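For reference, the structure is listed below as structure tokens.
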Amino acid sequence: MKFDLHTHHERCGHAVGTIRDYIEAGIRHGLGVIGISDHSPYFASDLDREQPGIAMAKSEFNRYIEEVLKLKEEYSGRIEVLLGVESDFFPEHADLYRQMYEQYPFDYIIGSVHLSGGVSIFNKKRWNGLTDKQKIEQKEIYYDLIEQSARSGMFQILGHIDAMRGFYPAFSDIQTDAVDRTLQAIAAHGIAIEINTSGKTKDCGGWYPIDAVLERAHHYGVKVTFGSDAHKPERVGDDWEEVAKRLKAIGFTEWVYYKQKKLYSVPL
């Protein structure tokens, strides 16, 4: 059974297409389950829409939930539509985000770190002029945030856990034990990481995370799921079969998805 838990739509400001467009794309690509998981608003901001090109407005959040739930009912029997959200993780605002999410019947929440040290993880200029020691420090700050998100209890899935390499492929060569510590924390808290195929659209040219991280994840017993991170409908389910083959080669025997925050396993 094919599924894709990570899709966006036009509300976030940097994706194209409606939620319906992504559901219809899921049907065309043979999915049994599609999760809608657009970017959460910046709940802690005084502005309704803090970053118009990055995340939806706070005033849109209820409408987003209502639309997904309506389409879930409409498409019942054709494809299972799941209500998700991709949430930023800010430790200082975790309680606020938790309170917001508790009001809604989410099937799952993806926790993703997009800012580290106050700078976008995709900003390649953040690496300019750094010494090797400083690069290690930056990688460890990033993975400390991911580890904190794993321990927060807010999420069922952690998104693109090495996306910092998106526009800086050398990120993978920075050696630190922080990656293993983070994977151990993820395993201990029983949540999943996603194989996110949107990395192929970035400078790094490959999925998140790299095979070496997936191998360590398998070693520690971390659960895995699938997300295309589609920002246009044609990418829904992208590289599903190839990812399944890679996971089997590494040694995984199943991957998972979540419904009403309950885990469901799918054999590879």
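None of these values were measured; they are calculated from a predicted model. Atom set for the values below is all heavy atoms of this structure, side chains included, hydrogens, waters and symmetry mates excluded.
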From the list Ile157, Ile191, Leu83, side-chain contact (heavy atoms from CB on, under 4.5 Å) with Tyr108 holds only for Ile157
Item checked: Note, Val243 side chain near Thr197 side chain (heavy atom, < 4.5 Å) -> yes
_Pi-cation contact, Phe106 with Lys261 (under 6.0 Å, within 45°)_ = no
Task: Heavy atoms of other groups near Asp177 CG, more than 12 under 6.0 Å - done: no
State yes or no: do Ile141 and Ile136 share one hydrophobic cluster built from I, L, V, M, F, W and Y residues joined by side-chain heavy-atom distances below 4.5 Å, directly or via other members?
no
**Asked** With distance as the sole criterion, is a donor-acceptor pair present between the side chains of Ser87 and Tyr101 under 3.5 Å?
**Response** yes
message: If we ignore hydrogens and angles and just use 3.5 Å, is the side chain of Gln175 paired with the main-chain N or O of Asp173 as donor and acceptor?
response: yes
I'd like to know if the side chain of Gln99 pairs up with that of Asp95 as donor and acceptor (distance under 3.5 Å, no hydrogens or angles considered). no
Checking Thr176, Val113, Asp162 against Tyr143 for side-chain contact (heavy atoms from CB on, under 4.5 Å), the one that qualifies is Asp162
Basic-acidic side-chain contact under 4.0 Å: Arg63, Glu60:
yes
(request) Check whether more than 12 heavy atoms from other residues, nucleotides or ligands sit under 6.0 Å from atom NZ of Lys232, and answer yes or no. (result) no
With under 30° as parallel and over 60° as perpendicular, where do the rings of Phe3 and Phe226 fit, or are they tilted in between? perpendicular
- request: Please check if atom CD in Glu73 has more than 12 non-hydrogen atoms from other residues, nucleotides or ligands closer than 6.0 Å.
  value: no
Worksheet entry | Pair Lys72 + Asp107: basic N to acidic O under 4.0 Å | yes
Could Glu102 and Arg98 be called an ion pair, given the rule that one side-chain N must be under 4.0 Å from one carboxylate O? no
Shortest non-hydrogen pair, Ile193 vs Ala217, comes out as CD1-CB, 4.0 Å
Contacts satisfying ring pair (Phe, Tyr, Trp, His ring centres under 6.0 Å) that involve residues 52-71 (not counting sequence neighbours) are His9-Tyr64, Phe43-Phe61, Phe61-Tyr104
Crowding at CD, Glu92 (>12 non-hydrogen neighbours, <6.0 Å): yes
Worksheet item: Are the charged groups of Glu50 and Lys58 less than 4.0 angstrom apart, N to O?
Response: no
For residues 194-219, the ring pair (Phe, Tyr, Trp, His ring centres under 6.0 Å) pairs (sequence neighbours left out) are His218-Phe252
Donor on one side chain, acceptor on other, Asp238 and Ser228, under 3.5 Å: no
* Could you state whether Phe171 and Val119 fall into the same hydrophobic cluster, counting links through intermediate Ile, Leu, Val, Met, Phe, Trp or Tyr residues with side-chain heavy atoms under 4.5 angstrom apart? => no
Between Ile19 and Val16, is there a shared hydrophobic cluster once you connect ILVMFWY residues whose side-chain heavy atoms come closer than 4.5 Å?
no
*Can Glu242 and Lys200 be counted as an ion pair, charged N to O under 4.0 angstrom?*
no
Applying the 4.5 Å side-chain criterion to the ILVMFWY set and letting contacts propagate, would Leu82 and Leu69 be lumped into a single cluster?
yes
message: Just checking Lys248: does its NZ atom have more than 12 heavy atoms from other residues, nucleotides or ligands closer to it than 6.0 angstrom?
response: no
Under the 3.5 angstrom rule, does the side chain of Glu194 hit a backbone N or O of Thr225 as a donor-acceptor pair? no
